[in-house]
Amino acid sequence: MAHIAVLHGPNLNMLGQREPEVYGHDTLDDINTTLEALASSLGHTLSILQSNSEAVLIDTIQALRGAADGLIFNPGGFTHTSVALCDAVIAAEVPTIEVHLSNIHAREAFRAHSYISGVAKGVICGLGAYGYHLALQAFSADILSEREPE
């Protein structure tokens with residue numbers, strides 16, 4: 001049994017209302033409920049947090065060091081701006097999968113850069129809420145420990 005943390009960054013509390021043509025119609029509660037059910041079926045425990053505060057996200061990531069087996073992280077708009085979140089992921093030493101609902105590479109040019117991607121074990125984008133499920137399944141399949149550095 002693994003403990004996986006799920007962190008949702010700024011504005012993700014507005015899912016289902018905010019730009020559904022980009023982010024889909026699922027609410028954050030919908031995503032979290034299906035993740036909890038999937039985690040349970042896979043024998044894992046989850047802790048889930050959404051915050052619009054960079055400081056809260058940093059504190060939470062730091063607290064995962066030695067306490068979580070993996071992190072599924074959608075940094076939202078902080079993806080493109082936060083060196084501090086990148087540093088927190090590095091310091092926590094928790095395998096991290098970065099998830100984005102939309103394809104950040106097919107949107108505005110500034111969204112294609114991620115401070116998190118370079119320190120994450122994997123990145124999933126453009127698959128909507130299913131991206132979170134894939135990340136959880138990747139942890140369950142233990143494929144991250146089998147990857148060789150490129």
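Computed from a predicted model, the values in this text were never measured in an experiment.
At least one side-chain heavy atom of Pro75 sits less than 4.5 Å from a side-chain heavy atom of His100. In this structure, the side chains of Val6 and Leu49 stay at 4.5 Å or more apart for every pair of heavy atoms. For the pair Tyr132 and Ile124, the minimum side-chain heavy-atom distance is 4.5 Å or more. Looking only at side-chain heavy atoms (C-beta outward), Leu136 and Leu46 come within less than 4.5 Å of each other.
Considering every non-hydrogen atom in both Asp69 and Phe139, the closest pair reads O-CE2, 4.4 Å. Minimum interatomic distance between Asn52 and Pro10 (heavy atoms only, all atoms of both residues): OD1-CA, 3.1 Å.
Side chain of His44 to main chain of Ala2: a donor-acceptor pair is present (N/O by atom type, distance under 3.5 Å, no hydrogens or angles). The closest donor-acceptor contact from the side chain of Thr96 to the backbone of Val94 lies under 3.5 Å.
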Taking it one step at a time, do Val89 and Glu98 satisfy side-chain contact (heavy atoms from CB on, under 4.5 Å)? CA-CA 11 Å; Val89 170; Glu98 178 182 6; over 6 Å; no

Step by step, work out the side-chain contact (heavy atoms from CB on, under 4.5 Å) result for His133 and Leu127. CA-CA 10 Å; His133 302 186; Leu127 301 178; over 6 Å; no

Decide yes or no on side-chain contact (heavy atoms from CB on, under 4.5 Å) for Thr34 and Asp26, but give the supporting numbers first. CA-CA 11 Å; Thr34 59; Asp26 290 324; over 6 Å; no

Mind running side-chain contact (heavy atoms from CB on, under 4.5 Å) on Leu12 and Leu101 for me, showing each step along the way? CA-CA 10 Å; Leu12 292 168; Leu101 297 164; 4.2 Å; yes

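Counted by atom type alone, His8 and Asn32 present one or more donor-acceptor pairs between their side chains at under 3.5 Å. For the residue pair Thr27 / Asp30, a side-chain donor-acceptor distance below 3.5 Å is found, with atom types taken as modelled.
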